[in-house]
Novice: 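Pasting in a structure now, in structure tokens, and then I'll have a few things to ask.
Just so you know, these numbers come straight off a predicted model, no measurement behind them.
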Amino acid sequence: MARNEPLTFDPIAEARRQWDRRAFAASSAMVATTSIMRAHQIVQRAVDEALAPFDLTFARYEALTLISFSRAGELPLGKMGDRLMVHPASVTNAIDRLERQGLVERRRSSVDRRTVLAAITDAGRKVVEEATAALGQIEYGAGALSESERESLYDIVKVLRAAEGDFVPGADALDDESTEDSLDV
């Protein structure tokens, strides 16, 4: 919830003070987690506002963008779930909505008719470009951070993500040729 006036104190710092006063364990973990959760709310609000003119959520934007990255402009729904790290039902819901908006269409794979593909439409490509420009204008909600602070934040959060099994530690981005192969059918 947005406030009209900022608080005159940092509520997370006050929570830490109270936490420490009561000798609760792990106050540094509590403030780190609470800070991440609050930052998520702030970034989410900025991103939602930037995507609202396109009638997109960030989840649908990510799905549409992922499809646009593929060589053929289409991806199997199952592969999308893996790449987006979401449950298959979430992909289905996102594609349902994008299809109703005319931004993608479902097709059967010519290689394996059991496989359902989401294919980006011309309208979808246009929306990806415009929505990406809008998000770039607000620096994806991270405009208050410097370039080096954003890189540091990424590096710090990457450690947490790797520890939780998001990817193999030490792994980095694929090269262009591998990326294309990993996105295609």
Side-chain angles (χ1 to χ4, degrees), residues 1-4 6 35-107 116-158 160-161 166-167 171-185:
M1 176 173 96
R3 298 181 47 86
N4 290 335
S35 294
I36 290 169
M37 301 294 272
R38 180 62 185 134
H40 174 264
Q41 293 169 337
I42 291 166
V43 170
Q44 186 73 54
R45 183 178 60 238
V47 167
D48 286 348
E49 288 173 4
L51 292 175
F54 307 99
D55 194 22
L56 289 177
T57 61
F58 192 66
R60 290 196 312 268
Y61 168 77
E62 282 185 304
L64 194 59
T65 303
L66 180 66
I67 298 166
S68 78
F69 289 159
S70 68
R71 188 180 350 227
E74 58 187 26
L75 285 173
L77 271 57
K79 187 171 273 196
M80 290 181 66
D82 293 344
R83 298 298 183 271
L84 296 171
M85 297 178 280
V86 297
H87 191 275
S90 297
V91 173
T92 299
N93 290 336
I95 297 304
D96 284 347
R97 182 66 187 267
L98 291 167
E99 189 173 33
R100 284 194 301 271
Q101 291 175 271
L103 304 177
V104 301
E105 55 188 30
R106 281 186 171 85
R107 298 182 182 153
V116 176
L117 306 172
I120 193 166
T121 64
D122 289 341
R125 287 189 188 283
K126 184 175 190 277
V127 166
V128 164
E129 282 185 32
E130 292 174 357
T132 300
L135 288 170
Q137 286 292 313
I138 63 154
E139 299 182 73
Y140 289 80
L145 302 175
S146 70
E147 184 73 25
S148 67
E149 288 169 330
R150 291 189 292 241
E151 291 295 333
S152 294
L153 178 61
Y154 167 74
D155 290 340
I156 290 166
V157 175
K158 183 178 178 181
L160 180 65
R161 292 176 44 236
D166 263 6
F167 58 93
D172 248 332
L174 301 170
D175 59 35
D176 285 340
E177 191 170 308
S178 296
T179 299
E180 288 293 335
D181 291 342
S182 75
L183 289 176
D184 287 333
V185 180

Novice: Quick one: closest heavy-atom pair of L51 and A131, and the distance?
Specialist: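 That closest heavy-atom pairing would be CD2-CB, 3.8 Å.
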Novice: Identify the heavy atoms of M80 and A118 that sit nearest to each other, and give their distance.
Specialist: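 Looks like SD-CB, 4.0 Å.
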Novice: Hey, is E129 close enough to K126 for a salt bridge, meaning N to O under 4.0 Å?
Specialist: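 Salt bridge: no.
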Novice: What are the two closest heavy atoms between F54 and Q101, and how far apart are they?
Specialist: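 It is O-NE2, 3.7 Å.
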Novice: List the atom of T132, the atom of V128, and the distance in Å for their closest heavy-atom pair.
Specialist: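 Minimum heavy-atom contact is OG1-O, 2.7 Å.
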Novice: Just verifying a value: how many Å separate L56 CG and L98 CG, rounded to the nearest 0.5 Å?
Specialist: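 The CG atom of L98 is 6.5 Å from CG of L56, to the nearest 0.5 Å.
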Novice: CD1/I138 to CD/E49 distance, rounded to the nearest 0.5 angstrom?
Specialist: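 Going from the CD1 atom of I138 to the CD atom of E49 covers 8.0 Å.
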Novice: How close do G141 and A46 get, heavy atom to heavy atom, and via which atoms?
Specialist: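 Looks like CA-CB, 4.0 Å.
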Novice: How far does CD1 of I95 sit from CG of L103, to the nearest 0.5 angstrom?
Specialist: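 That separation rounds to 10.0 Å.
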Novice: Which one of T92, D55, T57 satisfies the side-chain hydrogen bond (donor to acceptor under 3.5 Å, both in side chains) criterion with R97?
Specialist: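 It is D55, the one option of T92, D55, T57 that forms the side-chain hydrogen bond (donor to acceptor under 3.5 Å, both in side chains) with R97.
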Novice: Taking the side chain as C-beta and beyond, is there a heavy-atom pair between L135 and Y61 under 4.5 Å?
Specialist: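 When only atoms from C-beta onward are counted, Y61 and L135 do touch, with a gap below 4.5 Å.
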Novice: Side chain of R150, backbone of L145: donor and acceptor closer than 3.5 Å?
Specialist: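 Yes, R150 side chain to L145 backbone: donor-acceptor pair under 3.5 Å.
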Novice: So how far is it from R106 CZ to L117 CG, rounded to the nearest 0.5 Å?
Specialist: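 If I round to the nearest 0.5 Å, the distance is 11.0 Å.
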Novice: Answer yes or no: does atom CG of D155 have more than 12 heavy-atom neighbours from other residues, nucleotides or ligands under 6.0 Å?
Specialist: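 Atom CG in D155 is crowded, with more than 12 foreign heavy atoms closer than 6.0 Å.
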Novice: Using 0.5 Å steps for rounding, measure from the NZ atom of K79 to the CD1 atom of I67.
Specialist: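 Between K79 NZ and I67 CD1, I get 13.0 Å after rounding to 0.5 Å.
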Novice: Which heavy-atom pair separates A134 from A50 by the least distance, and what is that distance?
Specialist: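 Shortest heavy-atom separation between A134 and A50 comes out as CB-O, 4.0 Å.
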Novice: If you measure from OG on S152 to CD on E147, what distance do you get to the nearest 0.5 Å?
Specialist: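 It is 10.5 Å, given to the nearest 0.5 Å.
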